[in-house]
There are 2 protein chains.
Amino acid sequence: MGATKTEDYNEKTLRVAALFQALAHPARIAIIEQLAKSDTCQCGELVSELPLAQSTVSQHLKAMGNAGVITGTVEGTATCYCIDRKSIRQLMAFLDKVSGQLERQDQKCC
Amino acid sequence: MGATKTEDYNEKTLRVAALFQALAHPARIAIIEQLAKSDTCQCGELVSELPLAQSTVSQHLKAMGNAGVITGTVEGTATCYCIDRKSIRQLMAFLDKVSGQLERQDQKCC
DNA sequence: TTTATTTATCGCAATATTACGATATTTTAA
DNA sequence: TTAAAATATCGTAATATTGCGATAAATAAA
């Protein structure tokens with residue numbers, strides 16, 4: 001088949017999976033690192049930092065925006081992108097919960 | 001083309017992306033939630049919790065294992081899976097770093 | 001208004017992912 | 001040894017993702 005089954009998972013699970021998916025590519029990690037590093041929002045500079053064509057970068061940015069990982073603001077002829085902090089918090093909350101549960105487990109195996 | 005370019009990213013970026021990719025599916029999030037919730041390692045129970053065929057679940061587990069997100073131990077005729085805590089820590093470290101950098105930014109936009 | 005600059009979108013090709021059923025493999029139990 | 005139970009692997013089909021060049025769209029500058 002090839003299409004992910006989505007109808008049998010709860011909202012939160014789907015949301016977390018979508019966030020992970022939006023970051024599941026080295027170019028997107030590199031984009032996040034750039035956006036986090038620089039004090040001002042990055043626009044065209046992102047393209048020059050990546051080994052990809054402009055259209056490909058634009059595509060990645062769109063996917064990340066759709067998932068709510070970044071936000072884009074048109075600034076004249078440029079578009080400025082920033083990280084959406086809420087999405088980072090949501091991912092951290094998920095991992096924190098998992099981590100806490102793991103600490104409370106008494107190691108029966110592994 | 002379709003194949004991700006990997007040769008132009010540094011090791012850490014590739015590693016983080018691979019970890020995110022290993023979790024970029026609702027079934028895998030559900031698997032992690034199960035493994036975190038239960039005190040003992042889960043084996044066949046995982047299949048019954050998911051709306052997928054046994055072979056499909058096995059495939060997901062293999063992918064997660066290859067990325068180092070879980071570890072599997074053969075236990076007689078069953079296989080027991082646990083979360084690899086190191087991978088969770090690595091993801092948290094990445095997000096923590098991003099989060100810290102964001103807090104230190106003076107909001108020029110967004 | 002025309003031109004340059006920047007980003008987005010379209011169309012396409014190549015590859016990867018997702019999913020399933022069938023079957024192989026492994027270990028335990030009879 | 002044979003049968004069962006549990007997982008893994010294989011083969012295959014459908015869909016998604018990745019990437020590029022070409023081109024459209026939008027704004028700024030001349």
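The figures here come from the full heavy-atom set of this structure, side chains too, leaving out hydrogens, waters and symmetry mates. So that the names make sense, note that chain A is the first sequence line, chain B the second, and so on, each numbered from 1.
- Ranking D:dT7, C:dT7, D:dA16 by closeness to the A:Ala3 side chain, first place goes to D:dA16.
- A tilted orientation is assigned to the rings of B:Phe20 and A:Phe20, their planes being inclined by 30° to 60°.
- Remark: A:Thr77 is not in phosphate contact with C:dT5, judged by side-chain N or O atoms under 4.0 Å from OP1 or OP2.
- Picking from C:dA8, D:dG19, C:dC20 the nucleotide with the shortest atom distance to the side chain of A:Tyr81 gives C:dA8.
- In this model, the phosphate group of D:dA8 is not approached by any side-chain N or O of B:Lys62 to a distance below 4.0 Å at OP1 or OP2.
- For B:Met64 against B:Leu23, the heavy-atom pair with the smallest separation is CE-CD2, 4.3 Å.
- Protein atom CD of B:Gln54 is 12 Å distant from nucleotide atom C1' of C:dT25, rounded to whole Å.
- Comparing C:dA22, D:dG19, D:dC20 by their closest approach to the side chain of A:Ser55 singles out D:dC20.
- Using bins of under 30°, 30° to 60° and over 60° for the plane-to-plane angle, the ring pair A:His25/B:Tyr9 lands in the perpendicular bin.
- With rounding to whole Å, B:Leu50 atom CG is found 10 Å from C:dA19 atom P.
- Note: CG (B:Leu46) to C1' (D:dA6) measures 13 Å, nearest angstrom.
- Comparing C:dA8, D:dA8, D:dC20 against the side chain of A:Ala53 picks out D:dC20 as the nearest.
- Residue B:Thr79 has a polar side-chain atom (N or O) positioned under 4.0 Å from OP1 or OP2 of D:dA8.
- Atom pair B:Leu14:CG and D:dT18:P shows a separation of 14 Å (rounding to whole Å applied).
- A donor and an acceptor atom, one from each side chain of A:Asn10 and A:Thr13, are located under 3.5 Å apart.
- Phosphate contact (OP1/OP2 of D:dC20, side-chain N/O of A:Thr56, threshold under 4.0 Å): present.
- Between B:Gln59 and A:Leu52, the residue anchored nearer the 5' end of DNA chain D, judged by the nucleotide with its closest heavy atom, is B:Gln59.
- Using a 4.0 Å cut-off, some side-chain N or O of A:His60 falls inside it from OP1 or OP2 of D:dG19.
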